Amino acid sequence: PAARSLSPRLAFAALFAITLLTMLSVGTTLPILPRYVQGPIGSGDVAVGIVTGAFAVTGLASRPLAGSFSDRRGRKPIVIGGALMMMVANALLFLPAGVPGLVVARLLLGAGEGAVYTAGAAWIVDIAPVERRGRIIGLYGLAIWSGLALGPPIGELLLRASDFEAVWAFAVASPLLGATIAMRLPFSKPVAAPRARTAFWAREAFGPGAALALAT
């Protein structure tokens with residue numbers, strides 16, 4: 001009953017927290033993985049680049065899929081599924097599987113992040129008043145950069161205070177907490193009819209998407 005009566009402001013705060021927690025798990029490992037690859041794993045700079053870059057490959061590929069699925073099945077299950085995927089991905093860091101294992105973990109992490117952010121952003125648009133939509137989307141975007149800004153110092157502190165496993169444990173717990181919060185939110189109804197056919201690629205997004213890609 002409490003979840004069904006959740007106000008738009010509380011819903012925004014919850015989605016902001018979920019995205020922040022999942023992005024913290026990304027930021028925490030960013031400065032740590034290169035040293036882990038070159039230290040305990042014993043690989044070189046090329047392996048560092050591959051492990052680090054693998055995240056972006058599936059992060060890019062998963063976004064159109066996550067958006068399509070969230071239109072058909074609702075935002076909530078995609079957000080929860082993405083957060084849990086990120087949790088599993090970071091749990092794989094505990095396994096002594098070398099560079100191939102790290103690449104698999106990072107690919108899974110990117111897919112989960114793409115799902116969380118895409119469904120979360122769509123959910124924000126759903127609850128935002130039209131006249132304040134741009135401002136609210138801008139505020140929601142702070143969750144990503146806050147996670148990427150706060151994550152690295154957290155990772156450094158954990159590594160100095162303990163070991164690599166402490167960093168991995170935080171990276172597992174953070175998206176798990178995000179998924180737990182998402183489970184408490186009211187279910188978001190699908191936007192499109194179950195049998196409706198929609199184009200996988202939105203042509204109207206090509207121009208803005210190309211501009212954003214070039215700027216990034």
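In this chain, numbering begins with 1 at the start of the sequence shown. The structure presented is a predicted model; accordingly, all values stated were derived computationally and were not measured.
Summarising the geometry of A17 relative to I181, their closest heavy-atom pair is CB-CD1, 4.4 Å, with the distance given to 0.1 Å. Minimum heavy-atom separation, I127 to P8: CD1-O, 3.9 Å. Across L139 and F16, no two heavy atoms sit closer than the pair O-CE1, 3.2 Å. Closest heavy-atom contact between L84 and A179: CD2-CB, 3.7 Å. For the pair A171 and N90, the tightest heavy-atom approach, listed with the atom from each and the gap, is O-ND2, 2.9 Å.
Expressed to the nearest 0.5 Å, how far OG of S62 lies from OH of Y117 amounts to 12.5 Å. A distance of 10.5 Å separates CZ of R75 from OG1 of T118, quoted to the nearest 0.5 Å. The CE atom of M85 lies 12.5 Å from the CD1 atom of I80; values are rounded to the nearest 0.5 Å. Here the OG-CG distance, from S25 to L177, works out to 11.5 Å after rounding to the nearest 0.5 Å. Expressed to the nearest 0.5 Å, how far OG1 of T28 lies from CG of L148 amounts to 9.5 Å.
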Only pairs under 3.5 Å count here: list side-chain donor-acceptor contacts from residues 129-138, not counting sequence neighbours, and write none if there are none.
none

Side-chain polar contacts of residues 105-116 - donor-acceptor pairs under 3.5 angstrom, sequence neighbours left out - could you list them?
unit_1: R106; atom_1: NE; unit_2: V51; atom_2: O; d: 3.2
unit_1: R106; atom_1: NH2; unit_2: T52; atom_2: O; d: 3.3
unit_1: E113; atom_1: OE1; unit_2: R63; atom_2: NH1; d: 3.2
unit_1: E113; atom_1: OE1; unit_2: R63; atom_2: NH2; d: 3.3
unit_1: E113; atom_1: OE2; unit_2: R63; atom_2: NH2; d: 3.0

Which pairs would a plain distance check flag for residues 40-47, meaning a side-chain donor or acceptor within less than 3.5 Å of a matching protein atom at least two apart in sequence or in another chain?
unit_1: D45; atom_1: OD1; unit_2: Q38; atom_2: NE2; d: 2.5

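The hydrophobic clustering, which links ILVMFWY residues whose side-chain heavy atoms are closer than 4.5 Å, places L60 and L65 apart. No continuous path of hydrophobic side-chain contacts links I32 to L157 [ILVMFWY only; heavy atoms under 4.5 Å].
Between the side chain of S7 and the backbone N or O of L10, at least one donor-acceptor pair lies under 3.5 Å. A donor-acceptor pair is defined here as one N or O able to donate and one able to accept, closer than 3.5 Å; no such pair exists between the side chain of D163 and the backbone of L159. No donor-acceptor distance shorter than 3.5 angstrom exists from the side chain of K76 to the backbone of P186, with no hydrogens or angles considered. Listed for the S174 side chain is a donor-acceptor partner under 3.5 Å among the backbone atoms of L21.
Within a 6.0 Å radius of CZ in F170, other residues, nucleotides and ligands contribute more than 12 heavy atoms.
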**Report entry** L150/L24 under side-chain contact (heavy atoms from CB on, under 4.5 Å): CA gap, chis, key distance, verdict
**Finding:** CA-CA 7 Å; L150 296 174; L24 274 176; 3.9 Å; yes

Query raised in the report: Should R184 and T180 be marked as a side chain to side chain donor-acceptor pair (under 3.5 Å) after you check the CA-CA gap, both sets of side-chain angles, and the distance that decides it?
Result: CA-CA 7 Å; R184 301 292 297 172; T180 303; over 6 Å; no

Requested in this report: Decide yes or no on side-chain contact (heavy atoms from CB on, under 4.5 Å) for T22 and M87, but give the supporting numbers first.
Outcome: CA-CA 9 Å; T22 54; M87 180 199 72; over 6 Å; no

Requested in this report: Test I78 against W123 for side-chain contact (heavy atoms from CB on, under 4.5 Å), laying out the working first.
Outcome: CA-CA 10 Å; I78 308 304; W123 205 343; over 6 Å; no

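Counting only heavy atoms from C-beta outward, the side chains of I18 and L185 approach each other to under 4.5 Å. Between P31 and E156, some side-chain heavy-atom pair lies under the 4.5 Å cut-off.
Sequence neighbours left out, the pairs with a member in residues 21-48 that pass ring-ring contact (aromatic ring centres under 6.0 Å, His included) are Y36-F164, Y36-W168.
Partner of L93 under the side-chain contact (heavy atoms from CB on, under 4.5 Å) criterion, chosen from V172, V167, L102: L102.
For the side-chain hydrogen bond (donor to acceptor under 3.5 Å, both in side chains) test, residues two or more places apart in sequence or in another chain that qualify with Y140 are T19. Residues that satisfy the salt bridge (charged side-chain N to carboxylate O under 4.0 Å, His left out) test with E165, not counting sequence neighbours, are absent from this structure.
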